[in-house]
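Lettering of chains follows the sequences in order, A, B, ..., and the numbering in each one begins at 1. Model, not experiment: these values are computed from the prediction. Note that these values count all heavy atoms, side chains included, but never hydrogens, waters or copies made by symmetry.
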There are 2 protein chains.
Amino acid sequence: MPKPTRLEPVPRDTRIRLRDKDANPGKGILRGDDAVHALIPLTSRLAELQSGLYAEGKRALLVVLQGRDAAGKDGTINHVFGPLNPQGCIVTSFKAPSTLELSHDYLWRIHGSVPPRGAIGIFNRSHYEDVLIVRVHKLVPRKVWSRRYEQINDFERMLTENGVVIVKFMLHVSREEQRARLEARLSDPTKNWKFEAGDLKERDLWDDYTEAYEEMLRRCSTKWAPWYVVPADHKSSRDLLIADCLVRTLEAMHPVYPRADPEVLRLAADIK
Amino acid sequence: MPKPTRLEPVPRDTRIRLRDKDANPGKGILRGDDAVHALIPLTSRLAELQSGLYAEGKRALLVVLQGRDAAGKDGTINHVFGPLNPQGCIVTSFKAPSTLELSHDYLWRIHGSVPPRGAIGIFNRSHYEDVLIVRVHKLVPRKVWSRRYEQINDFERMLTENGVVIVKFMLHVSREEQRARLEARLSDPTKNWKFEAGDLKERDLWDDYTEAYEEMLRRCSTKWAPWYVVPADHKSSRDLLIADCLVRTLEAMHPVYPRADPEVLRLAADIK
């Protein structure tokens with residue numbers, strides 16, 4: 001099968017078979033230390049573009065990260081967004097909803113965390129959990145979750161029509177790599193504290209999740225808010241692919257610095 | 001006068017004369033590239049401590065930044081907090097209050113932005129504006145703002161008694177350095193767009209602000225939430241002094257990784 005050297009959006013309404021998607025990066029993609037070095041100019045460029053976006057103050061960028069446990073959501077945030085200016089870079093991690101959140105519709109807490117104009121927002125998990133874990137564990141009836149795909153598309157379209165550019169990354173990790181990472185985590189005392197027995201049980205539901213991810217990709221990769229499937233078995237390649245895609249996205253947005261007020265520039269000649 | 005090589009908290013109820021405080025770092029403090037290089041291991045150590053704080057999930061660190069225009073608040077955030085994990089590092093920039101915010105007491109919006117347990121929160125300006133700009137421009141009567149010092153101390157004590165460790169940095173810049181920076185900003189098209197004529201007028205109120213800062217430092221540098229005056233005429237020295245102070249603060253907190261659930265560790269031997 002062809003291995004693209006950069007991420008391409010998932011075409012809408014096309015069945016994606018994750019089993020056929022390689023979780024290893026293609027041949028043209030750098031790996032290991034080469035990828036780590038290649039990331040540096042990309043994050044510098046991202047920081048430049050972020051500065052323009054902030055100055056312009058008219059549009060926002062929303063980056064959605066989804067993936068199975070240990071797929072690398074936290075690592076991506078640290079490596080790709082860590083080098084940016086923390087001012088104007090807002091990470092929201094969606095966990096199990098609180099009592100207050102549950103007393104609202106499922107998009108309520110999401111809407112409240114959409115980045116303001118000028119900012120980059122990163123969602124570590126998102127409203128897509130409402131068609132993933134919620135569907136797999138049957139937390140609501142099929143009739144309820146099956147309507148959500150279109151609700152989400154409509155919601156996302158409204159956001160993009162109001163200046164929020166959306167890109168969504170599904171970190172695609174293989175079953176073998178997940179096992180290796182879970183084992184490594186569990187033997188690391190700086191990481192194993194966050195494990196709960198339930199986390200390991202999710203792995204038993206691998207195929208149910210696969211089905212839910214496939215439907216999500218098929219139905220919610222839209223022109224206005226595309227999904228990208230990121231081969232995620234190699235961490236540094238994953239970061240590189242995502243950073244490259246974000247640079248292209250922000251360059252296409254072409255943020256422009258506003259002009260200074262001429263009166264202010266006149267005053268400037270005269271600072272005492 | 002003595003020039004300390006590290007920041008010391010302002011003693012409470014002691015008159016501080018900012019005019020006598022050197023805005024240049026002391027002789028023992030690195031400058032220029034030397035300071036830039038020395039910052040790297042400090043921010044790495046900060047990132048380590050941040051990771052422990054996040055894992056522990058019991059306490060938060062709140063960092064308050066105040067200072068005149070061009071004193072370096074934005075630069076400090078970028079250089080000192082930029083290298084941290086953006087997850088768990090929350091920057092809040094307080095601007096002129098909105099209509100909604102003005103319909104509440106002045107601490108309402110502040111309280112809403114206090115970092116949750118496990119996180120580091122950075123306030124770019126803060127509730128102290130309510131005894132600075134509000135006082136200088138007489139936006140409320142003296143009777144109202146003069147009560148705020150004790151209200152703020154009480155509020156901050158409540159926070160610290162509930163697990164929020166607070167450190168406050170006043171970036172102390174000289175009048176000459178401020179002029180140089182304002183001029184440089186105004187001739188930089190990536191920066192001059194954010195200027196408003198009013199910003200330059202604040203400079204004419206230099207002495208009124210000095211008086212307001214001095215009272216703030218004298219009355220609100222408490223044991224539980226100390227103020228540090230940071231010599232800020234040299235940017236890289238300023239970053240170094242602040243990072244050093246934060247490392248000492250976080251080391252004194254001594255965050256501890258929680259123990260893993262033994263049952264989870266048992267399951268780990270058996271991942272399929």
Q: Count the heavy atoms belonging to other residues, nucleotides or ligands that lie under 6.0 Å from CZ of R117(B), then report whether that count exceeds 12.
A: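 12 or below, so no.
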Q. With only heavy atoms counted, which part of E196(A) is less than 4.5 Å from chain B, the side chain, the backbone, both or neither?
A.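 Just the backbone, heavy atoms under 4.5 Å.
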(Q) Please classify the contact between R259(A) and chain B as side chain, backbone, both or neither, with a heavy-atom cut-off of under 4.5 Å. (A)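 Backbone only.
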**Q.** Contact class of R175(B) relative to chain A, heavy atoms under 4.5 angstrom
**A.**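 Side chain of R175(B) only, per the 4.5 Å heavy-atom cut-off to chain A.
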Q. Checking heavy atoms, do the side chain of E183(B), its backbone, both or neither come under 4.5 Å from chain A?
A.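 The answer is both parts of E183(B).
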**Q.** Contacts of residues 83-90 of chain B with chain A (heavy atom under 4.5 Å)
**A.**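 The residues closer than 4.5 Å to chain A, in numerical order, are L84(B), N85(B), P86(B), Q87(B).
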(Q) Using a 4.5 Å heavy-atom cutoff, which residues in residues 184-192 of chain B come close to chain A? (A)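 If one takes a 4.5 Å heavy-atom cut-off, the residues of residues 184-192 of chain B near chain A are L186(B), P189(B), T190(B), N192(B).
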Q: For residues Y54(B) and W193(A), report the shortest heavy-atom separation together with the two atoms involved.
A: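 Reported closest heavy-atom pair: O-CH2, 4.4 Å.
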Q | Most chain B-contacting option - heavy-atom pairs closer than 4.5 Å, from D74(A), I77(A), I122(A) | A |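 Counting heavy-atom pairs under 4.5 Å, the top option is I77(A).
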Q: Pick whichever of L200(B), L182(B), D261(B) has the most heavy-atom pairs under 4.5 Å with chain A.
A: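 Between L200(B), L182(B), D261(B), the count favours L200(B).
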